Q: 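Have a look at this one before I ask anything.
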Amino acid sequence: MEIQLTKCHGSGNDFLLIDEMANSYSFGEKDRQNLAIALCDRQEGLGADGILFVLKSHHADAKMRVFNSDGSEASMCGNGLRCVGRYVCESLGKEEILVETMKADLLVQKTSDIFDGIPAYSVEISPVLFDLTKLPMRLDQERLFNERVEVLSDHLAFTAVAVPNPHLISFVDRDIIRSNEQKSIAEFVNGPNSLFPDGVNVSFVLPLGKGKLYVRTYERGVGFTNACGTAMSASTLVSAMMEINDLEEKVEVYNNGGKVHCVVKRSEQDDSYTIFLIGNATYLYSADIKVDEKNPEKFTMLKKNEFDEQQQYDILSAAVKEYLEKEIFFSSAK
Ligand SMILES: N[C@@H](CCC[C@H](N)C(=O)O)C(=O)O
């Protein structure tokens with residue numbers, strides 16, 4: 001079969017976007033999983049952190065399903081939702097839409113650029129759940145907020161939160177960022193283990209001054225990515241709860257692929273939190289591929305059209321990289 005796709009990214013977290021609204025592919029569940037494994041492979045495939053499937057929704061403007069590069073499905077993807085949001089907004093000629101995701105209908109709005117000339121979108125990250133059963137995390141307590149868990153580390157404190165995909169977050173210093181600890185903890189909780197039966201996204205967060213964070217994430221189903229939108233949103237929320245940052249105030253969140261803004265809002269009515277994630281949605285190329293559904297790793301590229309947006313993005317992300325290298329790797333401050 002022939003499949004049309006768009007390669008896109010949010011903060012360098014890259015995806016293949018496949019439109020099932022405009023095209024009648026009639027994929028089965030196994031097909032989406034197999035396509036993710038085959039096409040996301042960075043050696044033999046097209047290379048991406050995941051596939052974003054855009055489907056028809058019965059009550060919202062569109063529905064998004066997200067598959068990680070290992071074929072597992074995630075309930076949410078913040079960087080991916082900005083890309084899907086842009087794609088659907090442009091297809092429908094709208095600047096604001098509602099996208100159905102696995103657990104919630106989420107608002108996406110076109111917004112002013114945070115980098116000059118780079119299309120930016122704001123996406124709602126919700127619901128926010130601290131109940132450990134929602135991740136799920138198996139620990140003999142209801143919540144985990146900035147606490148040690150002996151089996152993970154004898155010196156780092158962790159917070160567990162679902163937004164609604166699962167995140168384990170630790171606020172650390174520069175020495176810890178430079179060390180190998182995140183990798184070993186992330187590999188442990190994403191392998192066979194008694195705490196996280198479904199795995200978890202693991203983020204190490206370094207505050208860089210008021211209103212600024214650096215977040216690095218090892219994603220469940222992928223490994224280290226340039227950025228994880230839900231992780232940056234969850235980390236901003238935790239920073240506000242730890243009184244490092246303020247609710248309602250814009251926080252600049254730096255990552256290995258660029259920078260986003262996050263704003264945390266609390267509802268007075270039910271004490272719930274919603275986070276708004278604002279950042280780029282950049283297109284790299286569109287392509288038509290021919291795939292043998294039984295062996296999707298044997299695909300051929302029929303047509304490929306490059307967009308010219310990435311050149312501008314590269315200039316801006318290089319500036320962020322330089323800033324981070326100075327702040328984190330060449331700084332002696334803790
Ligand atoms: N990159 C995403 C999150 C993708 C899903 C994640 N790996 C999971 O399994 O929960 C983001 O930008 O939020």
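Quantities reported herein were computed from a predicted structural model and do not represent experimental measurements. When a ligand or atom number is given, it counts from 1 through the structure's own listing order.
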Q: What protein heavy atom sits nearest atom 6 (C) of ligand 1, and how far away is it?
A: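 Ranked first by proximity to atom 6 (C) of ligand 1 is N201 OD1, 3.4 Å.
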
Q: Using modelled atom types only, decide if a donor and an acceptor are shared between the side chain of D19 and the backbone of A22 within a distance under 3.5 Å.
A: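 Answer holds: yes.
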
Q: Among all protein non-hydrogen atoms, which one is nearest to atom 13 (O) of ligand 1, and what is the separation to 0.1 Å?
A: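 The protein heavy atom lying closest is T230 OG1, 2.6 Å.
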
Q: Enumerate the atoms of ligand 1 whose separation from the nearest heavy atom of M76 is less than 4.0 angstrom.
A: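 It comes down to these atoms of ligand 1: 3 (C), 4 (C), 5 (C).
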
Q: Considering heavy atoms of the protein only, find what lies nearest to atom 1 (N) of ligand 1 and give residue, atom and distance to 0.1 Å.
A: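 Result: N13 OD1, 2.7 Å.
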
Q: Just verifying a value: how many Å separate L152 CG and E147 CD, rounded to the nearest 0.5 Å?
A: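 Here the interatomic distance stands at 12.0 Å.
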
Q: Check whether N201 reaches the backbone of P166 with its side chain - one donor and one acceptor, N or O, closer than 3.5 Å.
A: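 Yes; judged by distance alone, with no hydrogens or angles, the pair exists.
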
Q: Within ligand 1, which atoms have a heavy atom of N68 less than 4.0 Å away?
A: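 Per the distance check, 4 (C), 5 (C), 6 (C), 7 (N), 8 (C), 9 (O).
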
Q: Are N226 and N256 linked by a side-chain donor-acceptor pair shorter than 3.5 Å?
A: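 Note: N226 and N256 side chains miss the donor-acceptor criterion.
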
Q: Would T282 and E309 count as having a side-chain donor-acceptor pair, cut-off 3.5 Å?
A: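 Absent: no donor and acceptor within the cut-off.
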
Q: Given that the side chain starts at C-beta and the backbone is N, CA, C, O, which of these parts of N165 lies under 4.0 Å from ligand 1, counting heavy atoms, or is it both or neither?
A: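 The answer is the side chain.
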
Q: Students often mix this up, so state it plainly: with edges at 30° and 60°, are the rings of Y313 and H9 parallel, tilted or perpendicular?
A: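 Geometry flag for H9 against Y313: perpendicular rings.
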
Q: Answer yes or no: does an N/O atom from V66 fall short of 3.5 Å to an N/O atom of ligand 1?
A: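 No; every N/O pair is 3.5 Å or more apart.
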
Q: At less than 4.0 angstrom from any non-hydrogen atom of A74, what atoms of ligand 1 do you find?
A: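 Answer for ligand 1: 5 (C), 8 (C), 9 (O), 10 (O).
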
Q: What do you reckon, does C228 put a non-hydrogen atom under 4.0 Å from ligand 1?
A: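 So C228 counts as touching ligand 1.
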
Q: Which residue supplies the protein heavy atom nearest to atom 12 (O) of ligand 1, what is that atom called, and how far is it?
A: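 Atom 12 (O) of ligand 1 sits closest to the protein heavy atom G229 N, 2.6 Å.
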
Q: Pairing donors with acceptors under 3.5 angstrom, does anything connect the side chains of D270 and S272?
A: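 Short answer, yes.
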
Q: Considering non-hydrogen atoms only, spot the tightest contact between N165 and M76 and give its length.
A: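 Smallest interatomic distance, heavy atoms only, reads ND2-O, 3.4 Å.
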
Q: Relative to Y283, does R86 satisfy both conditions: NZ or CZ under 6.0 angstrom from the six-membered ring centre, and within 45 degrees of the ring's axis?
A: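 Geometry flag: set, cation within 6.0 Å and 45°.
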
Q: Answer yes or no: does an N/O atom from G78 fall short of 3.5 Å to an N/O atom of ligand 1?
A: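 Such a contact does occur with ligand 1.
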
Q: Starting from atom 2 (C) of ligand 1, what is the nearest protein heavy atom, named by residue and atom, and what distance separates them?
A: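 Minimum-distance protein heavy atom for atom 2 (C) of ligand 1 reads C77 SG, 3.1 Å.
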
Q: What atoms of ligand 1 come within less than 4.0 Å of a heavy atom belonging to N79?
A: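 Heavy-atom distances to N79 below 4.0 Å select 11 (C), 12 (O).
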
Q: Report the nearest protein non-hydrogen atom to atom 3 (C) of ligand 1: residue, atom name, distance rounded to 0.1 Å.
A: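 For this ligand atom, the closest protein heavy atom is E219 OE1, 3.4 Å.
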
